[in-house]
A.B. asks: 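One structure, pasted below without further comment.
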Amino acid sequence: HKALLTIAKSLRKMREIFKLMHEYVNPLSFHGFLRIFFSGWKDNPMLPDGLLYEGVSEEPRKLSGGSAAQSSAIQCFDELLGIRHREEIAASFLKRMRDYMPPAHRLFIETVADKPSLREYV
């Protein structure tokens, strides 16, 4: 019971911190000017063949840009609490973002996903 209360407290704190973002970053500036530099080269119509990293690869690479979906903590809570994303596109995107996580984090999330959910206890 105490562990669940600690998890709930952590999630509330995360939400409070995420809300601070709007105090420091203007959404219009972020989406209109900055986001394009974080968008990546996978599924990007401006670079349909990907981006060639000279000296790194002989072929263009298609990499996703930075995303909150790469957060190990958020995906772990989703799995722990049995949260299922209904849209197949969203679910597959979240799974693809795990490719950008440290291997140990990805393995932990997959292990949590294979276990019973805490949803019925929360």
Side-chain angles (χ1 to χ4, degrees):
H1 180 68
K2 186 177 179 183
L4 291 175
L5 291 174
T6 301
I7 289 171
K9 183 179 177 182
S10 297
L11 288 170
R12 280 192 295 275
K13 184 68 175 173
M14 285 174 61
R15 190 173 62 196
E16 289 173 24
I17 290 170
F18 286 146
K19 286 180 181 179
L20 292 175
M21 182 175 16
H22 296 286
E23 291 181 27
Y24 298 99
V25 179
N26 179 320
L28 294 175
S29 296
F30 178 79
H31 288 287
F33 303 105
L34 294 174
R35 182 72 178 126
I36 58 173
F37 296 104
F38 299 125
S39 66
W41 322 122
K42 186 173 182 80
D43 304 322
N44 185 329
M46 292 173 43
L47 295 163
D49 297 324
L51 182 68
L52 178 63
Y53 291 87
E54 293 179 1
V56 175
S57 174
E58 297 295 319
E59 299 293 323
R61 299 183 71 183
K62 295 180 180 181
L63 301 172
S64 295
S67 169
Q70 295 168 359
S71 167
S72 302
I74 293 172
Q75 285 214 31
C76 183
F77 285 128
D78 276 1
E79 294 296 349
L80 184 66
L81 299 172
I83 296 170
R84 297 289 171 249
H85 298 274
R86 292 184 189 144
E87 294 181 25
E88 182 59 34
I89 294 171
S92 63
F93 175 77
L94 289 170
K95 291 221 187 287
R96 188 175 78 200
M97 290 300 101
R98 292 180 186 178
D99 293 340
Y100 296 91
M101 294 178 184
H105 292 203
R106 184 172 52 246
L107 179 61
F108 181 76
I109 292 168
E110 290 167 358
T111 301
V112 169
D114 288 339
K115 305 297 179 206
S117 164
L118 290 180
R119 185 165 240 4
E120 63 185 78
Y121 303 104
V122 182

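This chain uses plain numbering: 1 for the first residue, then up along the sequence.
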A.B. asks: Under a 4.5 Å side-chain heavy-atom rule over Ile, Leu, Val, Met, Phe, Trp and Tyr, are M101 and L107 clustered together?
C.D. replies: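 As far as the 4.5 Å side-chain criterion goes, L107 and M101 are not connected within one cluster.
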
A.B. asks: Donor-acceptor pair, K62 side chain versus P48 backbone, under 3.5 Å?
C.D. replies: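 Judged by distance alone, yes, a pair lies under 3.5 Å.
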
A.B. asks: In chain order, what residues pass the side-chain contact (heavy atoms from CB on, under 4.5 Å) check against Y53, with sequence neighbours excluded?
C.D. replies: W41, L51, V56, R61, L63

A.B. asks: Who else is in F33's hydrophobic cluster (ILVMFWY, side-chain heavy atoms under 4.5 Å, direct or via others)?
C.D. replies: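 Joined to F33, directly or through intermediates: none.
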
A.B. asks: Under the criterion side chain to side chain contact (heavy atoms under 4.5 Å, CB included), I'd like the reasoning laid out for K19 against E16: C-alpha separation, chi angles, the key distance, then a yes or no.
C.D. replies: CA-CA 5 Å; K19 286 180 181 179; E16 289 173 24; 5.8 Å; no

A.B. asks: Quick one: do F77 and I109 end up in the same hydrophobic cluster if we chain Ile, Leu, Val, Met, Phe, Trp and Tyr together by side-chain heavy atoms under 4.5 Å apart?
C.D. replies: no

A.B. asks: Closest heavy-atom contact between D49 and P60?
C.D. replies: O-CB, 3.0 Å

A.B. asks: Kindly determine whether M14 and L11 satisfy side chain to side chain contact (heavy atoms under 4.5 Å, CB included), including the steps that lead there.
C.D. replies: CA-CA 5 Å; M14 285 174 61; L11 288 170; 4.3 Å; yes

A.B. asks: When rounded to the nearest 0.5 angstrom, what distance separates OG in S71 from NE2 in H105?
C.D. replies: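 So the OG of S71 and the NE2 of H105 are separated by 10.0 Å.
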
A.B. asks: State which residues pass side-chain contact (heavy atoms from CB on, under 4.5 Å) with P45; sequence neighbours excluded, sorted by chain then number.
C.D. replies: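 None.
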
A.B. asks: Quick one: side-chain contact (heavy atoms from CB on, under 4.5 Å) partners of I83, sequence neighbours excluded?
C.D. replies: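 If we apply the side-chain contact (heavy atoms from CB on, under 4.5 Å) test to I83, skipping adjacent residues, the hits are D78, L81, H85, R119.
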
A.B. asks: Show me, pair by pair, the donor-acceptor contacts under 3.5 angstrom made by side chains of residues 89-99, not counting sequence neighbours?
C.D. replies:
from: S92; atom 1: OG; to: E88; atom 2: O; distance (Å): 3.1
from: S92; atom 1: OG; to: I89; atom 2: O; distance (Å): 3.1
from: R96; atom 1: NH1; to: D43; atom 2: OD2; distance (Å): 3.2
from: R96; atom 1: NH2; to: S64; atom 2: OG; distance (Å): 3.3
from: R98; atom 1: NE; to: Q75; atom 2: OE1; distance (Å): 2.6
from: R98; atom 1: NH2; to: Q75; atom 2: OE1; distance (Å): 3.2
from: R98; atom 1: NH2; to: E79; atom 2: OE2; distance (Å): 2.7

A.B. asks: Side chains of residues 22-31: which donor-acceptor pairs under 3.5 Å do they make with residues two or more places apart or in other chains?
C.D. replies:
from: N26; atom 1: OD1; to: L28; atom 2: N; distance (Å): 2.7
from: N26; atom 1: OD1; to: S29; atom 2: N; distance (Å): 3.3

A.B. asks: Around atom OH of Y100, are there more than 12 heavy atoms of other residues, nucleotides or ligands at under 6.0 Å?
C.D. replies: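 It does: Y100 OH has more than 12 such atoms within range.
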
